[in-house]
Amino acid sequence: MQKLNVAVVGCGYWGPNLIRNFNQIPDCMMKACCDLDEKKLQRMRTLYPGIETTTKLEDILNDPAINAVAIATPVYTHRNIGKRCLEHDKHVLIEKPLASSSEECLELIHLAEQFNKVLMVGHTFEYTAAVNKAKAIVASGELGDILYISCVRVNLGLFQPDINVIWDLAPHDISIIFYILNQFPISLNAQGKAHFNEKIEDVATVTLNFPNGTIAFLHNSWLDPDKIRKITIVGSKKMLVYDDISQNEKIKIFDKGVEVPPYYDSYAEFHFSYRYGDIYVPRLNEYEPLSFECKHFLECIREGKSPRSDGYSGLRVVSVLEAANKSLRNNGAQQQVKID
Ligand SMILES: NC(=O)c1ccc[n+]([C@@H]2O[C@H](COP(=O)([O-])OP(=O)(O)OC[C@H]3O[C@@H](n4cnc5c(N)ncnc54)[C@H](O)[C@@H]3O)[C@@H](O)[C@H]2O)c1
């Protein structure tokens, strides 16, 4: 099998993780990387002596041997870099969120279709063992009807200069919820506060309303003393807690619930009963999700398949982020979410 040649654009915090993973895949050649900052490139040359480095995107675009480009630059650059790569016949993996607006996402989707190229967004959590286990448990009906989902993703920093905390942290939870439920919200409310940079909220909450009545709450902060990455899925039969920080017990199922008496004659007879059953921890076959994601990208290129997290998946998440910004600017007023 001929190796696919990959380039990575953006070698800041996340890009080197992409480079390391592509470099470890046997049927792929991690050929080149690009960053505007020469110091970042020097570090990559030290770690990977064979890698070509450049500060000019044109060098990547004009190299016909490069089949695919992974983009890990700031969000406002995603559309331009992605567009140019697609126009130069490269398959593209763009880090979350896919772009700065739904129009930009649609432009990338249409370009990828026009040039028959794979467009994938880096919704990394869709590739984790824990999220896939949670999805399977929800689909099995074990939890019953999903009443609500609560997501907490908070820590101290890292403040972003160009996007607020919702655009930075919520894409993960939104993509996880959509992947698990296979449903999309019809409306949302968002509230937040910018304490340090004007108009860049550093703490926020978003409430998503789904057509079947399920409700989801997201809490994101760069101003929290604790690092918390926790998702609670409350069903009518059981409850699931996914704690991404936990080493060995990422998912716990609680056989807990509330039962309403089927009938009662007087108010005195009425009382809820609470079930406190067993708690169990399903076994997870852990692996590095980014490795799975990078392999999936290459597999989609080779087999002409649409990725699990394709351009439309990126568009759906960005549509929610856009609606959240509108709600934030209108003191938390409800916003319709237009998906697809
Ligand atoms: N999937 C995940 O779990 C995950 C985690 C962290 C970050 N990310 C995403 O990765 C992307 C990058 O985030 P980061 O934290 O690495 O940012 P960063 O600021 O640490 O790195 C961005 C790099 O891009 C370079 N750059 C900027 N404009 C460029 C251009 N036009 N051409 C070439 N290089 C350019 C910068 O010099 C910098 O080195 C964002 O979209 C972010 O949301 C994803």
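Note that ligands are numbered from 1 as they come in the structure, with each ligand's atoms numbered from 1 the same way.
Nearest protein heavy-atom contact of atom 33 (C) of ligand 1 is V9 CG1, 3.6 Å. For atom 22 (C) of ligand 1, the closest non-hydrogen atom on the protein side is A72 O, 3.7 Å. Looking at atom 21 (O) of ligand 1, its nearest protein heavy atom turns out to be G12 CA, 3.3 Å. Considering only non-hydrogen protein atoms, atom 19 (O) of ligand 1 sits nearest to P74 CG, 4.9 Å. For atom 42 (C) of ligand 1, the nearest non-hydrogen atom of the protein is K96 O, 3.6 Å. Remark: minimum distance from atom 39 (O) of ligand 1 to any protein heavy atom is reached at D35 OD2, 2.6 Å.
Residue contact annotation: H172 has a non-hydrogen atom under 4.0 Å from ligand 1. Within the structure, ligand 1 lacks L57 among the residues with a heavy atom less than 4.0 angstrom away. The shell of residues lying under 4.0 angstrom from ligand 1, judged by heavy atoms, excludes T55.
Counting heavy atoms of neighbouring residues, nucleotides and ligands inside a 6.0 Å radius, atom OH of Y148 does not exceed 12 of them.
Ligand 1 places these atoms under 4.0 Å from at least one heavy atom of I81: 30 (C), 31 (N). Interface atoms of ligand 1 facing G122, defined by a heavy-atom separation under 4.0 Å, are 1 (N). Atoms of ligand 1 lying under 4.0 Å from any heavy atom of H78, numbered from 1 in the order shown and given with element: 41 (O). Within ligand 1, counting atoms from 1 as listed, the ones closer than 4.0 Å to a heavy atom of G10 are 24 (O).
For the residue pair S102 and E322, a side-chain donor N or O sits within less than 3.5 Å of a side-chain acceptor on the partner. Side-chain polar atoms of T207 and N189 form no donor-acceptor pair below 3.5 angstrom.
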**Request:** Show your working on side chain to side chain contact (heavy atoms under 4.5 Å, CB included) between I228 and H219 and close with a plain yes or no.
**Result:** CA-CA 10 Å; I228 306 174; H219 172 30; over 6 Å; no
**Prompt:** Checking side chain to side chain contact (heavy atoms under 4.5 Å, CB included) for the pair L218/I177: CA distance, chi angles, key distance, verdict?
**Reply:** CA-CA 10 Å; L218 317 180; I177 293 172; 3.8 Å; yes
**Request:** Take E87 and K117 through the test salt bridge (charged side-chain N to carboxylate O under 4.0 Å, His left out) and record every step on the way to the result.
**Result:** CA-CA 10 Å; E87 286 170 344; K117 290 283 158 286; over 6 Å; no
**Request:** Could you walk me through whether L143 and K237 pass side chain to side chain contact (heavy atoms under 4.5 Å, CB included), step by step?
**Result:** CA-CA 5 Å; L143 305 186; K237 293 185 191 155; 5.8 Å; no
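Between D37 and ligand 1, not a single N/O pair is under 3.5 Å apart. Remark: ligand 1 and T124 share an N or O pair separated by less than 3.5 Å (distance only, no angle test). The shortest N/O to N/O separation between E95 and ligand 1 falls below 3.5 Å.
Using a 4.5 Å heavy-atom threshold, the side chains of N325 and W167 count as touching.
Using bins of under 30°, 30° to 60° and over 60° for the plane-to-plane angle, the ring pair F178/F184 lands in the perpendicular bin. Classified by interplanar angle (parallel below 30°, tilted 30° to 60°, perpendicular above 60°), the ring pair Y274/F272 is perpendicular. Ring pair Y127/H296 is tilted by interplanar angle, where 30° to 60° counts as tilted.
Not counting sequence neighbours, the partners of D202 by the side chain to side chain donor-acceptor pair (under 3.5 Å) test are H195.
Considering each of V75, L18, L36, the one bringing a non-hydrogen atom nearest atom 34 (N) of ligand 1 is L36. The closest heavy-atom contact to atom 4 (C) of ligand 1, among the options W14, Y13, W167, comes from W14. Here the shortest heavy-atom distance to atom 11 (C) of ligand 1, taken over T73, V121, N17, belongs to T73.
In this structure, H123 has its ring center at least 6.0 angstrom away from the ring center of Y179.
The residue L290 has no part lying near ligand 1, judged by heavy-atom distances below 4.0 Å.
For atom 17 (O) of ligand 1, no protein heavy-atom neighbour is found at a distance under 4.0 Å.
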